[in-house]
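Note that this is a predicted model, so its numbers are computed, not measured.
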Amino acid sequence: MAVFSKVVVANRGAVAARVLRALNALGVHSLAVYSDADRGAPWLGMASETAHIGGSPARESYLNQEAILEAARHAHADALHPGYGFLSENAGFAARVEECGLRFIGPSPRWIDAMGHKTRARVLAGEHGLPVGHGSGVLPAEPDAILRAAEAIGYPVLVKPAAGGGGIGMLPARTPEQLLAAVERAASMAERGFASREVYLERLVDRPRHVEIQLLGDRHGRVAHVFERDCSVQRRHQKILEEAAAPNLAREAIDPLLERVAATFGRLGYDNLGTVEMLLAPDGEFRFLEMNTRLQVEHGVTEEVTGIDLVAAQVRSAAGAPLTEVLPDAPRLRGHAIQARVYAEDPKRFLPSPGRLVEFEPPVARGIRVDTGYAAGREVTPHYDPLVAKVIAHGASRAEAIDRLVDALASFRISGIKHNIPALVAILDSGEFRAGDVHTGLAAEVVARAAPQPVT
């Protein structure tokens, strides 16, 4: 079996714990890096070795390429897993890792570069026959040219960072007056978040679904899909509930698309884990949005319905194992799985709520999996994403998975911070969600209904 001798886990929290669990199962030694804020964190005890890499701010630690590479050299590691977020989709960092003689556990740097710029990714997808929605190239600076680009697409439009992800900087515009203000604001957000002011336009589809396709490639020219996930339930364009398989989609409708996408990226030579994100319009048409060249936060729901350890598969593929050794001959779907992202945030306004976890007792129940990097007494700092846990429910049916997840969230004991569990339960218990009538505006609609009306 192709494996590494020692892998650096260049991340923190739940994803660091998840990667370490897979490495331990594979019998691979590990080095976990940590910042000042994460000193003594629970996941560090899962690693073979640990190394301090800097201060609490991400730029001093988890984004500090020199510190991470120096820790890898000192530990004599031969590979690095970036997790998700931070440096996971930084092509320059991936290239530096490989220049240092380590294997970057992810796709080749050329793929990270090719898919990291959203407008170039859209062009590549369209050139190879995948359906792509109406959109523009990178917008010029001149207001008249921006307005002409929007007119060519047709209002309403969505302004999006070309180098970004995670919903940051995505702003709608329904009129020319709204457009120019949205472009300036999105460009400023993109510059802060991604060090690039480049933005582009897409046709805005109201109440669409967000369906993504899990791919896994090897270094021998093969790519396979591992089914799809529905990630439509979002707040501020960021996912909070994800499920596999996608509800209310007949297999005869989605399976041909899965095969088509896998075949396309197989011809192109994609070589590790990746996710193709598609927009499903109310008229039933799929359109390519982007590709994430990394492990996804929501990978666990796919693992629960297939029995495939995607992190272990990703590690083995990067080590050179052929796909025939990494995946079953014919992966099958088993039941249904739903993930809820538990955030330290105000449950109505969805604003971060850092603080100390006075109580933190995740649920323990049949069919429930919890991925977290926290424990009681730990501080949820403002330096990082406020995700504190992912609760995944698996059931024989979608209804059973929903019931198990609602019960698990209700029994999750958290105090010391505000959290979004009330909003998650309200969405899961809504008639729309239980019927599978999901779309990107559902969370806001349910939370607005649940909010008390002002006294007049």
Side-chain angles (χ1 to χ4, degrees), residues 14 18 21-22 25 209-216 224-234 239-259 275 278 280 295-313 327-342 361-372 389-412 421 423-439 442-443 446:
R18 176 67 191 90
R21 187 166 79 241
R209 291 178 62 177
H210 188 137
V211 178
E212 61 186 30
I213 300 166
Q214 180 68 71
L215 298 180
L216 179 66
H225 73 78
V226 193
F227 299 103
E228 81 285 351
R229 297 183 286 261
D230 190 293
C231 307
S232 300
V233 182
Q234 305 174 5
K239 306 163 188 174
I240 52 175
L241 290 171
E242 301 105 336
E243 55 186 310
N248 293 349
L249 272 186
R251 295 317 310 173
E252 56 266 26
I254 187 66
D255 284 343
L257 179 64
L258 302 180
E259 296 293 344
T275 305
M278 310 288 285
L280 176 57
L295 184 71
Q296 292 279 90
V297 179
E298 58 271 21
H299 72 277
V301 292
T302 297
E303 294 182 325
E304 292 301 308
V305 294
T306 62
I308 296 168
D309 185 328
L310 289 176
V311 180
L327 290 179
D329 288 340
R332 292 184 301 165
L333 291 169
R334 305 178 304 178
H336 199 89
I338 308 175
Q339 171 177 286
R341 301 191 192 191
V342 178
E361 294 182 21
V364 178
R366 182 169 176 263
I368 296 297
R369 162 180 163 182
V370 179
D371 288 356
T372 184
K390 301 182 295 177
V391 183
I392 306 169
H394 180 261
S397 66
R398 185 172 184 268
E400 183 177 55
I402 294 173
D403 289 340
R404 284 181 171 174
L405 187 51
V406 168
D407 290 345
L409 290 171
S411 68
F412 200 147
I421 287 178
L424 293 169
V425 171
I427 297 165
L428 288 164
D429 263 340
S430 69
E432 298 97 323
F433 188 87
R434 285 188 174 270
D437 183 16
V438 293
H439 55 84
L442 179 61
V446 172

| remark: With sequence neighbours left out, the residues meeting side-chain hydrogen bond (donor to acceptor under 3.5 Å, both in side chains) with E304 are R369
| request: Check whether any side-chain heavy atom of V342 lies under 4.5 Å from a side-chain heavy atom of V370, and answer yes or no. | output: no
| note | The residue among L310, I308, V301 that forms side chain to side chain contact (heavy atoms under 4.5 Å, CB included) with Q214 is L310
| said: By the definition side chain to side chain donor-acceptor pair (under 3.5 Å), identify the one residue from Q234, R229, Q339 that meets it with E242. | reply: Q339
| query | Do NZ/NE/NH1/NH2 and the carboxylate oxygens of K390 and E298 come within less than 4.0 Å? | reply | no
| query | Can you tell if the side chain of L249 reaches within under 4.5 Å of the side chain of D230, non-hydrogen atoms only? | reply | no
| query | How long is the span from the CG atom in L405 to the CG atom in D429, to the nearest 0.5 Å? | reply | 10.0 Å
| remark: When rounded to the nearest 0.5 Å, the distance separating CG of L216 from OG1 of T275 is 10.5 Å
| task | Report the C-alpha separation of L333 and R251 in whole Å, then their side-chain angles, then the decisive distance to 0.1 Å, and conclude whether the side-chain contact (heavy atoms from CB on, under 4.5 Å) test is met. | result | CA-CA 11 Å; L333 291 169; R251 295 317 310 173; 3.8 Å; yes
| said: Is the shortest side-chain heavy-atom distance between H299 and R18 below 4.5 Å? | reply: yes
| Do H225 and L327 come close enough that some side-chain heavy atom pair is under 4.5 Å? | no
| query | Should F433 and I338 be marked as a side-chain contact (heavy atoms from CB on, under 4.5 Å) after you check the CA-CA gap, both sets of side-chain angles, and the distance that decides it? | reply | CA-CA 12 Å; F433 188 87; I338 308 175; 4.2 Å; yes
| Would you say V438 and E432 make side-chain contact, with heavy atoms under 4.5 Å? | no
| query | Where do A401 and H336 come nearest, in terms of heavy atoms and distance? | reply | CB-O, 3.7 Å
| request: Grab the two heavy atoms, one from I427 and one from S430, that are nearest each other, plus how far apart they are. | output: O-OG, 2.7 Å
| If only atom types and distance count, is the side chain of H394 paired as donor or acceptor with the main-chain N or O of R334 below 3.5 Å? | yes
| message | Could you tell me if the side chain of V305 sits less than 4.5 Å from the side chain of F227, heavy atoms only? | response | no
| query | To the nearest 0.5 Å, how far apart are CG in D403 and CZ in R434? | reply | 4.5 Å
| field | Contact check, side chains of D371 and R21, non-hydrogen atoms, under 4.5 Å | value | yes
| task | Output yes when a side-chain donor or acceptor of D437 lies under 3.5 Å from a complementary backbone atom of L442, and no otherwise. | result | no
| field | Contacts of type side-chain hydrogen bond (donor to acceptor under 3.5 Å, both in side chains), residue R398, not counting sequence neighbours | value | E243
| query | Residues two or more places apart in sequence or in another chain: which of them pass ring-ring contact (aromatic ring centres under 6.0 Å, His included) with H210? | reply | none
| request: Say whether, by atom type as modelled, one donor and one acceptor occur between the side chain of E228 and the main chain of A246 under 3.5 angstrom. | output: yes
| message | Are the side chains of L424 and V391 in contact, using a 4.5 Å heavy-atom criterion? | response | no
| query | Which distance, rounded to the nearest 0.5 Å, do you find between the CG of D407 and the CD1 of I402? | reply | 12.0 Å
